[in-house]
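For reference, the structure is listed below as structure tokens.
Since this is a predicted model, take the numbers as computed values, not measurements. Hydrogens, waters and symmetry mates are skipped; everything else that's a heavy atom, side chains included, is used.
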Amino acid sequence: MAAETELYDQLTSRLNSATAGKDILLSLWNATGDKLLALAGQQGLTINRDKDTVEVTSKDTQGGWKEYLGGFKEWSIDNDGVYVRSDESHKLLIQAYENDNLLLIKVTNKKTQTDMFGGLAIVTSYPIEAPYDDATTYSITLTGTGALVDLESTVTVPDAPTLTATAGDGQVALTAVLPENNGGADVTKVKFQAKKASDGDDLWSAPVVQNADDLTYSFSDLTNGLEYSFRAILTNEAGDSAASEVVSATPTAPEP
């Protein structure tokens, strides 16, 4: 029974992580860039990624095998579906096709609510098919200009942490809390800084740097009765986050 449960859990995990084609949507930003339009009626979607090759074979190439170097890359998207001419997305396509407008596109996974790819493209093919005994359909080719950005692998700095401070005798204990958004990569470092509350923002102490598996630190040898300010900063592979909101605490000697 345990083996069956383990097999079921493994299968369920794989199915949950799998992506169904119907979950992948092509969307277009409107002309003013304030609205993202899912292309109405879409069915099939193919993202083409190709690369030129440069042959560098010479007469003395070992074994008679051809040799190549990678050249320029290019991308395009082929999409088809039911033609819904009245929809704003198709009106945008018609305008882009007729006027050679660039379109800012985004491919998203509606199941996981995540972005997959994005880039600028031009409409290079937009035929409409109207068979006698079936729905009117469209197909479209969007040819990319510039890079196709892999939005899933784009790492940004994490959001700022939340910081709490607890005052003691000549010391203040700090605890940082990680944000929900880590920027797409694990937080690896946390930095703590302190200053007298009356000092300017240019007088923060040198940061105390720790691995992110320990999000606590205590500043000691502080003057009792004097107010101090503290902040924390997180680091991932993209760099440092913004500083946390400043928290203040006043160390106090214990009552006799």
Side-chain angles (χ1 to χ4, degrees), residues 6 9-10 12-19 23 29 33-34 36 104 106-119 147 149-256:
E6 182 179 357
D9 290 342
Q10 290 176 354
T12 302
S13 177
R14 288 198 298 270
L15 290 175
N16 287 338
S17 63
T19 301
D23 293 326
W29 288 100
D34 58 4
L36 187 63
L104 180 58
K106 182 185 284 188
V107 178
T108 58
N109 184 336
K110 69 176 183 179
K111 176 183 177 182
T112 60
Q113 298 293 304
T114 55
D115 299 330
M116 298 177 66
F117 298 99
V149 180
D150 187 342
L151 300 173
E152 288 186 302
S153 67
T154 300
V155 176
T156 60
V157 298
D159 288 347
T162 302
L163 186 65
T164 61
T166 303
D169 183 11
Q171 64 178 5
V172 172
L174 303 176
T175 300
V177 178
L178 298 180
E180 291 186 5
N181 176 27
N182 65 3
D186 290 339
V187 173
T188 56
K189 301 289 183 182
V190 58
K191 303 176 182 179
F192 296 100
Q193 290 181 288
K195 71 180 184 71
K196 296 176 182 178
S198 59
D199 287 343
D201 282 343
D202 58 341
L203 292 177
W204 286 101
S205 66
V208 176
V209 183
Q210 296 187 167
N211 291 330
D213 55 1
D214 184 3
L215 298 174
T216 63
Y217 183 76
S218 292
F219 281 95
S220 57
D221 297 326
L222 304 179
T223 302
N224 286 333
L226 183 64
E227 185 180 23
Y228 292 85
S229 295
F230 306 91
R231 69 182 186 182
I233 297 169
L234 302 177
T235 304
N236 67 4
E237 63 183 71
D240 288 346
S241 72
S244 66
E245 290 189 10
V246 174
V247 297
S248 297
T250 303
T252 305
E255 295 184 3

Check residues 248-256 and write down every donor-acceptor pair under 3.5 Å in which the side-chain atom is one partner and the other belongs to a residue at least two apart or another chain.
unit_1: Ser248; atom_1: OG; unit_2: Ser229; atom_2: OG; d: 3.4
unit_1: Thr252; atom_1: OG1; unit_2: Thr250; atom_2: O; d: 3.2

Show me the donor-acceptor pairs within less than 3.5 Å that the side chains of residues 161-178 make with the rest of the protein, sequence neighbours left out.
unit_1: Thr164; atom_1: OG1; unit_2: Thr175; atom_2: O; d: 3.4
unit_1: Asp169; atom_1: OD1; unit_2: Asn224; atom_2: ND2; d: 2.9

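At a threshold of 4.5 Å between non-hydrogen side-chain atoms, the residues Lys191 and Val208 do not count as touching. Inter-residue side-chain proximity for Gln193 and Ile233 is flagged as met; some heavy-atom pair is nearer than 4.5 Å.
Checking side-chain atoms of Asn236 against main-chain N and O of Thr156 turns up a donor-acceptor pair under 3.5 Å. Ser241 places a side-chain N or O within donor-acceptor distance of the main-chain N or O of Leu234, the cut-off being under 3.5 Å.
Counting only residues at least two apart or on different chains, the side chain to side chain donor-acceptor pair (under 3.5 Å) pairs with a member in residues 200-211 are Lys189-Asn211.
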Report the C-alpha distance between Trp29 and Lys106 in whole Å, list the side-chain angles of each, state the deciding distance to 0.1 Å, and finish with yes or no for side chain to side chain contact (heavy atoms under 4.5 Å, CB included). CA-CA 8 Å; Trp29 288 100; Lys106 182 185 284 188; 4.0 Å; yes

Would you sort out whether Thr108 and Asp115 count as a side-chain hydrogen bond (donor to acceptor under 3.5 Å, both in side chains), showing the intermediate values? CA-CA 4 Å; Thr108 58; Asp115 299 330; 5.5 Å; no

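Rounding to the nearest 0.5 angstrom, the gap separating the OH atom in Tyr228 from the NZ atom in Lys196 is 6.0 Å. For the atom pair CZ (Arg231) and CD (Glu245), the distance works out to 13.0 Å, reported to the nearest 0.5 Å. Atom-to-atom distance recorded for Phe117:CZ and Leu151:CG is 8.5 Å, nearest 0.5 angstrom.
In this model, a donor atom of one side chain and an acceptor atom of the other lie less than 3.5 Å apart for Asn181 and Asp159. If you check the side chains of Asp186 and Thr188, you find no donor sitting under 3.5 Å from an acceptor.
Surrounding CG of Asp34 are more than 12 heavy atoms belonging to other residues, nucleotides or ligands, all under 6.0 Å away.
The ring of Phe219 has its center closer than 6.0 angstrom to the ring center of Phe230.
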